[in-house]
Trainee: 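Provided herewith is a single structure, encoded as structure tokens, for subsequent inquiry.
We count ligands from 1, going down the list as the structure has it; atoms in each ligand are counted the same way. Just so it is clear, the values below take in all heavy atoms, side chains as well, and ignore hydrogens, waters and symmetry mates.
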Amino acid sequence: MIQTTAIAHPNFALVKYWGKKDIDQNMPAMSSISLTVDSMQSKTKIYKNLSSKQHRLFINGQEQQDLSKIVPPLKYLSKISKSNDFLVIKSENNFPTSSGLASSASGIASFVTAYEAHYNIDLKMSDRVNACMLGSGSAPRSLLGGFVLMDKNDSYRCSQILKKSDWPLDILICIASTKPKKISSREGMEISRKTSPIYNDWLDINQKHVNEALVAIREKNMLKLENVTEKNCELMHQVMKTSSPPIAYKSDVTISCVAEIENLRAAGHELFYTIDAGPQVKIICDPKSSKAIKETITEKTDVIEIVHAGIGGSPRVVNEN
Ligand code: DP6
């Protein structure tokens, strides 16, 4: 049986997407900037389902009943490939799924990459972006390595701002909990869009944050990137908190981790953080400081594990049977 496997990496947003412009098309209401990470990955294998007329999705060996994130990209791609095949899709993550670690982004980007190779359809980048976006608004950013801009004002075009070798920072992912989140990003961002009194301020400031982050990344200016990343992150968490009902993804472990980051900074280390829809804290730092940061966070907080990553590359097809 012919099967195709591809690998993609998660990405963490420095300027974040929280809120949709169009629910049916799953279009973000704003531009975003992210960093693709190595070490963590989704590996997805696809092959034709010869035993039943349905798509089947397995994540880490568990068959999924909810196919809502995979069917829209699949439909989009099958129009291009002109295939009516039903597929078996088997995706493995080497990190906790659905806990604010962008597993859907890497999962979908690896699926789209495997599909393109399996049907030999040579997609345009805009088709890859569209297919990924239908699955998850943050997934198109995992189509590229390094620092990535997804520009809402240019049909969500994704472009690389810098690659790993341009600015080889480290990323330390502090796992505060491995439990799946209670409110999905999808539900959470709809609640915020409808109820947060500061949602429009959040929309209005997006382009300013994008511009500041672009300057900081192009100049490789750690202080400027720290400033805009943390400001953007804290504002997103304020939008969540002021929603009705309030949404809180940070935990006590998250808070203690941030306090230690501030102490480390005061001691002269170059680092900053970002936090998504989960309690995990992602630290971006000068590799010279990684060891000291890991020791301090391990000693002073209840973080379960710290994953040490670098900046990752784009998805790739792997030969495997
Ligand atoms: C907080 O891309 O997971 O990580 O489009 O509904 O699948 P859906 O949401 P998703 O949301 C990501 C939210 C975020 C910020 C970001 O990655 O930009």
Trainee: Any idea which atoms of ligand 1 are less than 4.0 Å away from a heavy-atom of K20?
Mentor: 5 (O), 6 (O), 8 (P)

Trainee: Over 60° means perpendicular and under 30° means parallel, so classify the ring planes of F86 and H55, tilted if in between.
Mentor: tilted

Trainee: Which atoms of ligand 1 have any heavy atom of D276 under 4.0 Å away?
Mentor: 1 (C), 4 (O), 14 (C), 15 (C)

Trainee: Does any N or O atom in G137 lie less than 3.5 angstrom from one in ligand 1, N or O only?
Mentor: yes

Trainee: Between S32 and ligand 1, does any nitrogen or oxygen pair lie at a separation below 3.5 Å?
Mentor: no

Trainee: Any idea which atoms of ligand 1 are less than 4.0 Å away from a heavy-atom of S185?
Mentor: 3 (O), 9 (O), 11 (O)

Trainee: Before accepting this row, confirm whether a basic side-chain N of the pair E295/K291 lies closer than 4.0 Å to the acidic partner's carboxylate O.
Mentor: yes

Trainee: Decide whether an N or O pair under 3.5 Å exists between N11 and ligand 1.
Mentor: no

Trainee: Under 4.0 Å from a heavy atom of N26: give me the atoms of ligand 1 that qualify, with their elements.
Mentor: 5 (O)

Trainee: Any ion pair linking K250 and E234 (charged N to carboxylate O, less than 4.0 Å)?
Mentor: yes

Trainee: Hey, which atoms in ligand 1 end up nearer than 4.0 Å to a heavy atom of S136?
Mentor: 2 (O), 3 (O), 5 (O), 7 (O), 8 (P), 10 (P)

Trainee: Can you tell which part of R141 has a heavy atom less than 4.0 Å from ligand 1: side chain, backbone, both or neither?
Mentor: side chain

Trainee: Could you grab the distance from atom CD1 of I175 to atom NZ of K282, nearest 0.5 Å is fine?
Mentor: 8.5 Å

Trainee: State, without any angle test, whether T274 and K16 hold a side-chain donor-acceptor pair at a distance under 3.5 Å.
Mentor: yes

Trainee: Assess, by modelled atom type and distance only, whether the side chains of R56 and N49 contain a donor and an acceptor separated by less than 3.5 Å.
Mentor: no

Trainee: Could K220 and D166 be called an ion pair, given the rule that one side-chain N must be under 4.0 Å from one carboxylate O?
Mentor: no

Trainee: Can you sort out which atoms of ligand 1 are near K69, meaning under 4.0 Å from one of its heavy atoms?
Mentor: 7 (O)

Trainee: Just go through W18, F12, Y17 and tell me whose heavy atom is the nearest to atom 12 (C) of ligand 1.
Mentor: Y17

Trainee: Would you say T254 and S251 are linked by a side-chain donor-acceptor pair, where the criterion is simply a distance under 3.5 Å?
Mentor: yes

Trainee: Rounded to the nearest 0.5 Å, what's the gap from SG on C132 to CG on N26? Could you check?
Mentor: 11.5 Å

Trainee: Between ligand 1 and K16, is the shortest N or O to N or O distance under 3.5 Å?
Mentor: no

Trainee: Which ligand 1 atoms does A13 reach within 4.0 Å, using its non-hydrogen atoms?
Mentor: 16 (C), 17 (O), 18 (O)

Trainee: Under a 4.5 Å side-chain heavy-atom rule over Ile, Leu, Val, Met, Phe, Trp and Tyr, are L123 and M133 clustered together?
Mentor: no

Trainee: Can you report which non-hydrogen protein atom sits closest to atom 9 (O) of ligand 1, along with the distance?
Mentor: M189 CE, 3.6 Å

Trainee: Nearest to atom 2 (O) of ligand 1, what protein heavy atom do you find, and at what distance?
Mentor: S138 OG, 2.6 Å

